[in-house]
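Structure first, commentary second.
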2 protein chains.
Amino acid sequence: MDMAELPLARLLLMATRLVADELNEGLRAAGHPDLRPTHGFALNGIGVNGATATQLAGLLGMTKQGVAKLVDSLVERGYVERERNVADGRSVLLVLSSRGRELLSRAEDVQRRLEAEWAEHVGPSQLSALRRGLEQIVRERHAGELPPLRPIW
Amino acid sequence: MDMAELPLARLLLMATRLVADELNEGLRAAGHPDLRPTHGFALNGIGVNGATATQLAGLLGMTKQGVAKLVDSLVERGYVERERNVADGRSVLLVLSSRGRELLSRAEDVQRRLEAEWAEHVGPSQLSALRRGLEQIVRERHAGELPPLRPIW
DNA sequence: GGCTTCGGTCAGCTTGGTTGTCTATTATCG
DNA sequence: CGATAATAGACAACCAAGCTGACCGAAGCC
């Protein structure tokens, strides 16, 4: 045991890296081997409601051209489908395919598994405290709201 | 307030993103405007003891050619100097320049500022709990050790 | 109807990282 | 010792993610 308290930022980075690795590993095992970092964020952004490319660009903080490429690769891999938008002939509605929804629910599985494991080691109340602390910190910086989930760099 | 507990992974991602933004912003303000994500990790890996390119490659989980490019850009920017290694003529010792050390200590400033701010909002004991929880979770998955600080993706 | 705005695409480029090959130095073992 | 193997790094080519810039068609607004 070391005396000094570790910088929280460092711990956050390490924990997040751990989660990312675990997600990658778990999804690979579940038949989703070739996921790139942004894929998850994009699928999450499209979600159950669908989204247009421009909305997604705003959400992820990248250009619509960048999103176009990203979406191409998601369509190729069978996670996303483009639907023509009846309300607005300019835009294309992006929706999750069943495979896309399946991927998201696998990701949730991994998260649940991780949390259960953590609860086992640090205790459920401690884990709750951790959750509350993080939530408060995040909300604090975003006017009480939760920010969109974006790739980190 | 929402009833459902948010997935911890999501909170971690948001908090980490927050920290990353804050670090970028703070360092930009301190005269380090053009930092790329891996720069910080590399400088941290070199640290006060210095390191060789191959060591750094292992630490960051990338190829030594990749590291070579990375180090080039750090040398260009004046953060790192290459010293000839007396003990082993094949390898080159990478060390932080004074500007590099200055950068790291600015990063620590930002972290301290953030932690103080957090302590103010969630309370110091809550913050301690958060730190302990994260530390335990991270150590758990690395045989009790702290893993090296690596870029997340 | 005609200007403006907006969603998306096409083309070209930058760049952070990769694989693959090569040289120079050090380590090993007869 | 000297020959051979292993190691640190350099050079070159390539790849892919995301960017900028120019453009087109659909929709909104007088």
Side-chain angles (χ1 to χ4, degrees), chain A residues 17 20-21 24 33-46 49-77 79-95 148-153, chain B residues 17 20-21 24 33-46 49-77 79-95 148-153:
Chain A
R17 166 81 198 209
D21 288 348
N24 267 330
D34 57 349
L35 289 172
R36 293 194 291 96
T38 36
H39 282 159
F41 292 94
L43 293 175
N44 180 284
I46 296 175
N49 303 321
T52 70
T54 332
Q55 286 171 345
L56 201 50
L59 212 57
L60 300 180
M62 51 190 286
T63 62
K64 37 185 194 160
Q65 295 92 323
V67 166
K69 280 200 178 185
L70 182 53
V71 169
D72 280 344
S73 92
L74 286 170
V75 171
E76 272 174 30
R77 289 166 164 80
Y79 293 114
V80 170
E81 287 159 10
R82 301 184 207 250
E83 281 182 4
R84 82 175 256 102
N85 191 341
V86 286
D88 187 337
R90 295 170 299 179
S91 72
V92 178
L93 198 56
L94 305 170
V95 293
L149 203 52
R150 294 188 172 191
I152 284 173
W153 311 120
Chain B
R17 165 81 198 212
D21 288 348
N24 267 330
D34 56 350
L35 289 173
R36 294 195 288 97
T38 36
H39 282 159
F41 293 94
L43 292 175
N44 179 283
I46 296 174
N49 303 322
T52 70
T54 335
Q55 286 171 345
L56 201 51
L59 212 56
L60 300 180
M62 51 191 284
T63 62
K64 34 185 197 162
Q65 295 92 323
V67 167
K69 284 196 175 189
L70 182 54
V71 169
D72 280 344
S73 91
L74 286 170
V75 171
E76 271 174 30
R77 289 167 166 78
Y79 293 113
V80 169
E81 286 159 10
R82 301 183 208 252
E83 280 182 6
R84 77 173 260 103
N85 190 342
V86 287
D88 188 338
R90 296 169 298 179
S91 72
V92 178
L93 198 57
L94 305 170
V95 294
L149 204 52
R150 293 186 174 193
I152 284 174
W153 310 119

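Any value given below was found using the heavy atoms of this structure, including those in side chains, with hydrogens, waters and symmetry copies removed. All values reported here derive from a predicted model rather than from experimental measurement. Note on naming: letters A, B, ... go to the chains in the order of the sequence lines (proteins, then strands), and numbering restarts at 1 for each one.
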Between C1' on D:dA27 and CZ on A:R84, what's the gap in Å once rounded to a whole number? 14 Å
When rounded to whole Å, the CG to P distance for the pair B:N85 and D:dT7 reads 17 Å
Here the pair of heavy atoms bringing B:V80 nearest to B:L43 is CG2-CD2, 3.6 Å
To the nearest Å, give me how far apart CZ (A:R77) and P (D:dA16) are. 10 Å
Sugar-phosphate, base or nothing in reach of B:T38, heavy atoms under 4.0 Å: sugar-phosphate
Annotated protein contacts, base or backbone, on nucleotides 4-11 of chain C with a non-hydrogen cut-off under 4.0 Å, one of B, S, - each: --BBBBB-
Can you measure B:L60 atom CG to C:dG16 atom P for me and round it to whole angstrom units? 15 Å
Can you tell if the side chain of A:M62 reaches within under 4.5 Å of the side chain of A:L56, non-hydrogen atoms only? no
Reckon B:T63 has a side-chain N or O less than 4.0 Å from the OP1 or OP2 of C:dT19? no
Quick one: B:D72 CG to C:dT14 P, roughly how many Å, whole number? 19 Å
Rounded to the nearest 0.5 Å, how far apart are CG of B:N85 and OG1 of B:T52? 8.5 Å
Separation of C:dG16 C1' from B:L56 CG (nearest whole Å): 15 Å
Round to the nearest Å and state the distance from B:K69 atom NZ to C:dT15 atom C1'. 7 Å
Indicate yes or no: at least one non-hydrogen side-chain atom of B:E83 is less than 4.5 angstrom from one of B:V92. no
In whole angstrom, give the distance that lies between atom CD of A:E76 and atom P of D:dA16. 11 Å
Quick check against the 3.5 Å criterion: does A:R84 have a side-chain atom that pairs as donor or acceptor with the backbone of A:G89? no
By the 4.0 Å heavy-atom rule, please label B:G66 as base, sugar-phosphate, or nothing. base
Looking at A:T38 and A:P151, what are the two nearest heavy atoms and their distance? CG2-CG, 4.0 Å
Heavy-atom closest pair, residues B:G45 and B:A51: O-CB, 4.3 Å
Taking OP1 and OP2 of D:dA16, is either one under 4.0 Å from a side-chain nitrogen or oxygen of A:R36? no
